[in-house]
Number of protein chains: 2
Amino acid sequence: MSYTLHRGDALTVLKSLPDESVQAVITDPPYNSGGRTSSDRTGRTARAKYVTSNSAHGLANFPGENRDQRSYRSWLTELLTEAYRASTEHTVAMVFTDWRQEPTTSDALQMAGWTWSGTIPWIKPSSRPRKGGPKQDSEFIIWGVKGSLDNTRDLYLPGHYIASQPRKGRVHITQKPVEVMQQLVQVCPEGGTVLDPFTGSGSTGVAALREGRRFVGVELSAHYADVAEERLRGAFTKDDFELAGPGK
Amino acid sequence: MSYTLHRGDALTVLKSLPDESVQAVITDPPYNSGGRTSSDRTGRTARAKYVTSNSAHGLANFPGENRDQRSYRSWLTELLTEAYRASTEHTVAMVFTDWRQEPTTSDALQMAGWTWSGTIPWIKPSSRPRKGGPKQDSEFIIWGVKGSLDNTRDLYLPGHYIASQPRKGRVHITQKPVEVMQQLVQVCPEGGTVLDPFTGSGSTGVAALREGRRFVGVELSAHYADVAEERLRGAFTKDDFELAGPGK
DNA sequence: CCTCACGATGAATCACAGC
DNA sequence: TGCTGTGATTCATCGTGAG
């Protein structure tokens with residue numbers, strides 16, 4: 001299967017995609033979350049927010065983490081609107097979010113025209129406990145459809161996932177487990193095209209290729225565009241396990 | 001431990017509660033969800049919306065399932081505002097919701113003054129599949145605090161729950177597993193009071209009593225008020241397992 | 001006491017006929 | 001046209017009872 005990786009701004013590149021050219025949109029936008037106050041959220045880099053202060057790994061910072069909630073919503077809406085235009089009927093869109101941005105994300109999805117159809121918890125078993133109450137050990141996948149779900153396909157997907165973030169060989173701060181992504185990309189018919197406007201280190205793309213789907217990705221950071229390119233090239237070889245870990 | 005069960009409208013009864021008299025609010029309001037159109041959601045009974053047409057069980061209907069989304073938000077906001085007033089500093093509020101009403105529920109919680117602090121997925125392993133995509137096998141617990149979380153307590157709660165709805169001896173359509181509720185009520189300090197404005201069949205109350213907390217409940221339906229009364233009376237005996245199943 | 005086969009069910013969803 | 005009610009559908013999970 002083939003892939004295209006655009007290096008550039010997600011919105012700009014999406015506007016250049018032809019109508020009805022993709023059959024699934026699966027992405028993990030920068031959450032712009034992680035602080036209690038607006039200045040907490042916008043004044044710190046992604047590394048400062050999501051990485052424990054004394055972490056030893058040397059993961060690069062990533063851009064796009066300086067929007068407040070209102071502008072996050074309009075920005076995400078515009079992006080999902082373009083993705084909607086580029087999608088065919090029955091296309092499924094899946095957007096990762098944390099608990100704070102969950103309402104904003106479902107708003108944006110619906111404002112962009114998608115029919116919101118569910119919320120899938122992704123549970124990360126090894127997360128930090130919280131003294132005095134419940135810990136937060138899950139993120140959420142908000143998903144919706146352009147038009148109606150194609151229920152002629154013989155496909156039954158789980159309603160939740162339990163998987164740790166890759167540890168060994170992790171190359172991105174918010175890297176997703178490939179085994180989860182391999183299930184998600186199945187909402188795209190075989191041979192169809194999966195779009196990920198925030199490719200990051202490319203886990204969605206690797207999963208798509210492994211499952212026999214084409215992939216179109218966009219990544220702004222030169223560093224991660226290179227990492228993704230390398231992982232996508234090696235998607236069918238054992239190399240990916242050395243490049244980014246087994247996704248477990 | 002003692003309990004009080006009010007038979008009547010939740011909002012009316014809550015207004016009569018004294019200030020700062022409870023140390024936890026744990027409840028499962030009618031979701032006013034289900035169906036794609038507004039008339040689907042507001043014009044049908046809970047049974048018609050949530051129970052499989054050929055189910056053999058004869059569980060009673062429950063009231064309060066006829067609000068559209070706007071009025072659901074204002075109604076829940078007002079209710080949580082009264083609960084806030086009746087709570088002491090550091091009180092935790094936990095509200096069950098489904099994926100559709102999750103954004104509305106977190107809005108209402110925050111509008112009522114609580115500090116939204118997280119979303120806990122409750123995963124129900126035995127749920128209906130969905131052809132063509134992911135099934136929806138979870139509900140959500142939106143939780144928040146009056147003021148700040150008391151982090152002097154030596155308490156660490158899970159970030160998610162995996163538990164089936166009670167099957168054997170179930171008495172309510174939406175009955176919650178007691179073993180989950182027994183964990184949740186621990187956000188209330190021992191000997192404190194747990195408030196549940198929508199008592200239903202009383203699982204929250206049974207859990208509270210078993211864990212050494214007092215309980216104040218409100219239930220509108222005469223039928224379920226009776227059921228709850230009976231379960232609460234038998235909370236410490238084996239009777240409850242016959243009345244409503246072990247919650248497993 | 002354990003294993004296995006069988007039957008029942010789910011805070012649904014969808015299509016369609018009838019009004 | 002649009003709302004309403006009825007019935008078919010789907011499979012993992014759980015309870016039951018036999019072996």
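Everything numeric in this text was worked out from a predicted model, so none of it was measured. Atoms considered below: every heavy atom in the structure, side chains included; atoms not considered: hydrogens, waters and symmetry mates. Every chain is numbered from 1, with letters handed out A, B, ... down the list of sequences.
Both A:Y156 and B:D40 sit near DNA chain D, but only B:D40 has its closest nucleotide nearer the 5' end. Heavy-atom nearest nucleotides on DNA chain D were determined for B:S39 and for B:P129, and the one closer to the 5' end corresponds to B:S39.
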Taking distance alone, no hydrogens or angles, what donor-acceptor pairs closer than 3.5 Å link side-chain atoms of residues 180-190 of chain B to residues at least two apart or in another chain?
residue	atom	partner	partner atom	Å
B:Q182	OE1	B:R210	NH1	3.3
B:Q182	NE2	B:E211	OE2	2.6
B:Q186	NE2	B:Q182	O	3.2

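The side chain to side chain donor-acceptor pair (under 3.5 Å) test applied to A:T27 returns A:D196, not counting sequence neighbours. Judged as a ring-ring contact (aromatic ring centres under 6.0 Å, His included), and not counting sequence neighbours, B:Y31 has no contacts. Not a single side chain to side chain donor-acceptor pair (under 3.5 Å) links B:S74 to another residue, sequence neighbours left out. Every residue meeting the ring-ring contact (aromatic ring centres under 6.0 Å, His included) condition with A:F198, not counting sequence neighbours, appears here in chain and number order: A:W75. For the side chain to side chain donor-acceptor pair (under 3.5 Å) test, no residue two or more places apart in sequence or in another chain qualifies with A:S87.
Contacts between residues 55-71 of chain B and DNA chain C, defined by a heavy-atom separation below 4.0 Å, involve B:S55, B:A56, B:H57, B:F62, B:E65, listed by number.
Checking D:dT9, D:dA12, D:dT16 against the side-chain heavy atoms of B:K168 singles out D:dT16 as nearest. Distance from the side chain of B:K135 is smallest for D:dA12 among the nucleotides C:dA12, D:dA12, C:dT9. For B:P125, counting side-chain heavy atoms from C-beta on, the closest listed nucleotide (D:dT16, D:dC14, C:dG10) is D:dC14.
Looking at B:R44 and B:S39, their side chains never bring a donor and an acceptor atom within 3.5 Å of each other.
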Determine which bases of DNA chain D form Watson-Crick or G-U wobble pairs with both distances under 3.5 Å, and write the result as a 5' to 3' dot-bracket string with | for other-strand partners. .||||||||.|||||||||

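For residues 144-155 of chain A, there are no salt bridge (Lys or Arg N to Asp or Glu O under 4.0 Å) pairs, not counting sequence neighbours. Pairs engaging residues 111-127 of chain A under the salt bridge (Lys or Arg N to Asp or Glu O under 4.0 Å) rule: A:K124-A:E139 [sequence neighbours left out]. Note on residues 214-228 of chain B: pairs passing side-chain hydrogen bond (donor to acceptor under 3.5 Å, both in side chains), not counting sequence neighbours, are B:S2-B:R214.
Among the atoms of the strands shown, none is found under 4.0 Å from any heavy atom of B:S33. The residue B:P29 sits close to a base: some heavy atom pair falls under 4.0 Å. As judged by a 4.0 angstrom heavy-atom cut-off over every strand, B:Y31 is placed among the base-contacting residues.
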How does protein reach along nucleotides 13-19 of chain C, written 5' to 3' as B (base within reach of a heavy atom under 4.0 Å), S (only sugar-phosphate), or - (no contact)? SS-----

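Protein atom CD of B:Q175 is 16 Å distant from nucleotide atom P of C:dT9, rounded to whole Å.
Between the side chain of B:D137 and the main chain of B:S127, no donor-acceptor pair closer than 3.5 Å is present.
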